[in-house]
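The block underneath contains the structure these notes are about, expressed in C-alpha cells.
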Amino acid sequence: MRPFGTTLLAALGPARIATIVAAAIVAGVVAGYALATLSNDSKEHVDTTAVQTVPADTAAGPDGAQVVKAVLMPATTASGKARRRARAEIVVNLRNLSGVTRVPTAPPVLIVHSRRLHIDPAASADAGNLLKPVPALTRVTGTLRFETAGSDTDRLTAERRARLAIAGQTLPVRLTISSIAP
C-alpha cells in the first residue's frame, strides 16, 4: 500500500499540483502585502528605522539626524483659536560623516497620524542648511516650522507626538506645549 501523500500526488497530476502551488504563492504574497499595509498607519511607506546618533565631537559614526527640540505653540489670536491653529517648531541637527556631499531628495515633512504636513514656506529661511546639500564631514542645524489647524492641532496637543521625515529618515518627535507664540 502506498502512503497517502504519494496517492494524492498521483491522483492530482503534475499540472494540477503546479496550479495549486502557484495559487498558494499568490495567496501568501497577497496576505503579506495586506498585513504590511494594515500595520502601517499611513497610506505611504514611511521608513521607521531607528536612527543612531553620536556626539558631535566623535570622529566616527553613522550619518544621522537628531531632533534637538520640538515645541507646539497654540494660536493666541481670536481667529487663530477659532480655527484651532498652532505652529510646531522643530530644531534638527543633520550630520554627514561621509566623504561626499549629501543632497536632500525630498523636503522635510511632519507626519501626524497619516497626514503629511509641509514646512511653512514663509519660514523656510529659518530651516537654513537643512534644505540645502549637506557638505561632507559636516553638521548643520536648522529650525523647521509647520503650521497646523483643526484636527491636526487637536491630535498634536493631545498626544504631543508626531514623526519627522527628513534626509531619508523618519524620526520620532516629542512635542512640548508652549503658551507663548513668537
Side-chain angles (χ1 to χ4, degrees), residues 36-58 60-76 80 83-98 100-182:
T37 301
L38 290 174
S39 69
N40 189 356
D41 67 349
S42 118
K43 301 294 183 225
E44 300 176 34
H45 172 72
V46 177
D47 182 13
T48 56
T49 305
V51 177
Q52 295 181 343
T53 58
V54 295
D57 58 355
T58 302
D63 290 351
Q66 179 183 22
V67 174
V68 176
K69 179 178 158 186
V71 179
L72 183 69
M73 294 173 281
T76 56
R83 292 181 288 165
R84 302 186 329 259
R85 295 185 58 88
R87 171 181 288 157
E89 287 190 0
I90 303 170
V91 179
V92 178
N93 280 335
L94 279 181
R95 261 193 351 269
N96 179 2
L97 298 177
S98 72
V100 297
T101 298
R102 301 281 183 176
V103 178
T105 57
V109 176
L110 185 66
I111 304 166
V112 181
H113 286 269
S114 61
R115 297 221 344 117
R116 300 172 70 83
L117 307 176
H118 298 278
I119 60 171
D120 179 6
S124 62
D126 294 329
N129 293 329
L130 296 176
L131 304 178
K132 300 174 184 171
V134 181
L137 304 173
T138 61
R139 183 182 81 178
V140 296
T141 300
T143 301
L144 302 173
R145 290 192 173 88
F146 300 89
E147 295 293 327
T148 68
S151 63
D152 293 331
T153 301
D154 295 343
R155 283 183 173 167
L156 287 172
T157 303
E159 297 176 10
R160 298 181 186 201
R161 64 185 173 93
R163 292 174 292 159
L164 178 67
I166 185 168
Q169 302 169 8
T170 301
L171 307 172
V173 176
R174 293 277 180 207
L175 294 150
T176 58
I177 308 295
S178 171
S179 59
I180 302 170

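Each residue takes its place number in the sequence, starting with 1.
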Fill in: Pairing residues for R84 by the salt bridge (Lys or Arg N to Asp or Glu O under 4.0 Å) criterion, not counting sequence neighbours
D154

Measure the shortest side-chain to side-chain distance between [X] and [Y] over non-hydrogen atoms and say whether it is less than 4.5 angstrom.
X: H113; Y: E159; value: yes
X: L164; Y: T170; value: no
X: V134; Y: T101; value: no
X: I177; Y: P74; value: yes
X: L131; Y: P108; value: yes
X: T148; Y: L117; value: yes
X: L130; Y: L94; value: yes
X: H118; Y: V109; value: yes

Discussion item. Enumerate the salt bridge (charged side-chain N to carboxylate O under 4.0 Å, His left out) contacts for residues 104-115, please, sequence neighbours excluded, ordered by first and then second residue.
Written reply: R115-D152

Practice prompt. Indicate yes or no for a side-chain donor-acceptor contact from N96 to the backbone of L137 under 3.5 Å, with no hydrogens or angles considered.
Written response: no

Discussion item. If we ignore hydrogens and angles and just use 3.5 Å, is the side chain of Q169 paired with the main-chain N or O of A65 as donor and acceptor?
Written reply: yes

Discussion item. Working note: R102 + S98, criterion side chain to side chain donor-acceptor pair (under 3.5 Å); need CA distance, chi angles, decisive distance, verdict.
Written reply: CA-CA 8 Å; R102 301 281 183 176; S98 72; 3.2 Å; yes

Response to the item:
Only residue of V92, L144, I90 satisfying side chain to side chain contact (heavy atoms under 4.5 Å, CB included) with V173 is I90

Worksheet entry | By side chain to side chain contact (heavy atoms under 4.5 Å, CB included) - contacts of A149 (at least two apart) | R85

Fill in: Candidate pair N93 and V140, rule side-chain contact (heavy atoms from CB on, under 4.5 Å), full reasoning
CA-CA 6 Å; N93 280 335; V140 296; over 6 Å; no

Discussion item. M73 vs V71, test: side-chain contact (heavy atoms from CB on, under 4.5 Å). Steps then yes/no.
Written reply: CA-CA 6 Å; M73 294 173 281; V71 179; 3.9 Å; yes

Worksheet, complete the sentence: Nearest heavy-atom contact between L156 and A162 is CD2-CB, 3.8 Å

Worksheet item: For D126 and T143, what are the C-alpha separation, side-chain angles and deciding distance, and is it a side chain to side chain donor-acceptor pair (under 3.5 Å)?
Response: CA-CA 6 Å; D126 294 329; T143 301; over 6 Å; no

